[in-house]
Amino acid sequence: VAIPTQGELQELLQANGVRPTRQRLELIGELAREPNDVTAQTLWRRLRDERESKVGLATVYRTLALLRDHHVIDALNHRGGELCYRLCSDTHHHHLVCRSCHRVVEIDGCDLGSWIETLADAHGFTDTDHRLEVAGVCAECRGDARRSGP
Ligand SMILES: [Zn+2]
Ligand SMILES: [Zn+2]
Ligand SMILES: [Zn+2]
């Protein structure tokens, strides 16, 4: 997957109602280079060490939360306690995460819609939304190189 350009990131923010400030673009640009996901701490360290950014840790936390609230990025829970963030595709998808190396695979083609609708209906719920994070052990961590992904 190609890393989005600065222009594409700017459009992405605007499409989700986030004003594309220089700092937000810098942050999401760095996040876009990460194939898996990162914690706020890790992203902050990279911005500081590799991009010579002067952004503060509190700003990184705040910006990531803002981007998540506007559905620009996803938050994952697999690192027990600390949220991880990832820039994913903007279509409905779920996450397959490796318990051992924390690789993240985006899975498309969700089949849960009708089941959830039935469930919600039975309990009188509408406007449902759902998240799913499937944890497992990837082929590489099992030493099964043949079946590891791209
Ligand atoms: Zn995602
Ligand atoms: Zn793994
Ligand atoms: Zn789904």
Side-chain angles (χ1 to χ4, degrees), residues 1-21 23-47 51 55 59-150:
V1 183
I3 293 170
T5 63
Q6 196 80 348
E8 286 168 338
L9 291 172
Q10 191 164 335
E11 276 173 33
L12 177 69
L13 293 184
Q14 280 166 333
N16 287 285
V18 179
R19 201 161 51 84
T21 63
Q23 203 161 55
R24 287 172 185 164
L25 285 168
E26 178 182 71
L27 189 147
I28 199 171
E30 186 58 32
L31 190 62
R33 289 151 45 90
E34 169 60 57
N36 295 310
D37 59 8
V38 285
T39 63
Q41 285 266 5
T42 303
L43 190 65
W44 172 67
R45 219 173 296 119
R46 281 185 199 167
L47 284 165
R51 306 262 138 205
V55 66
T59 304
V60 172
Y61 270 107
R62 220 173 27 239
T63 307
L64 287 169
L66 174 96
L67 294 175
R68 183 205 44 199
D69 290 349
H70 283 81
H71 308 288
V72 176
I73 61 175
D74 287 345
L76 287 91
N77 292 298
H78 59 115
R79 280 189 202 266
E82 183 140 36
L83 280 180
C84 302
Y85 295 93
R86 185 171 193 271
L87 180 65
C88 297
S89 69
D90 56 6
T91 54
H92 182 79
H93 65 274
H94 296 297
H95 304 105
L96 193 58
V97 298
C98 177
R99 221 176 262 134
S100 171
C101 69
H102 293 280
R103 132 193 358 248
V104 179
V105 178
E106 210 174 306
I107 34 181
D108 298 318
C110 170
D111 215 13
L112 301 173
S114 60
W115 173 65
I116 287 168
E117 219 169 283
T118 308
L119 201 72
D121 219 42
H123 294 275
F125 280 54
T126 57
D127 297 314
T128 58
D129 181 21
H130 66 272
R131 266 169 293 279
L132 180 68
E133 208 173 302
V134 182
V137 179
C138 77
E140 208 162 295
C141 286
R142 286 197 317 273
D144 186 357
R146 217 163 23 92
R147 298 185 54 194
S148 67

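Heavy atoms only: backbone and side chains are in, while hydrogens, waters and symmetry mates are out. Read the numbers this way: they start at 1 and go in the same order the structure lists the ligands and their atoms.
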Quick one: does any side-chain atom of Arg99 pair with a main-chain N or O of Val137 as donor and acceptor, under 3.5 Å? no

Per residue Asp74, nearest N, O or S atom to the Zn ion (ligand 1) is named OD2

Supply the atom-to-atom distance Asp74 CG to Leu83 CG, rounded to the nearest 0.5 angstrom. 11.5 Å

Which angle, to the nearest 10 degrees, do you find at the Zn ion (ligand 1) between NE2 in His93 and SG in Cys88? 110°

Without swapping roles, check the side chain of Glu133 against the backbone of Asn77 for a donor-acceptor pair under 3.5 Å. yes

Output field for angle at the Zn ion (ligand 2), Cys138.SG vs Cys101.SG, rounded to 10°, should show 110°

Name the orientation class of the two ring planes belonging to His78 and His102 (parallel below 30°, tilted from 30 to 60°, perpendicular beyond 60°). tilted

Nearest N/O/S atom of His94 with respect to the Zn ion (ligand 3), by atom name, please. NE2

Closest N/O/S atom of His92 to the Zn ion (ligand 3), by atom name? NE2

Distance-only, no hydrogens or angles: does the Asn36 side chain make a donor-acceptor pair with backbone N or O of Val104 under 3.5 Å? yes

Considering only heavy atoms from C-beta outward, does the side chain of Gln23 approach that of Thr59 to under 4.5 Å? yes

Here the N/O/S atom of His95 closest to the Zn ion (ligand 1) would be NE2

Does any N, O or S atom in His102 come within less than 2.8 Å of the Zn ion (ligand 2)? no

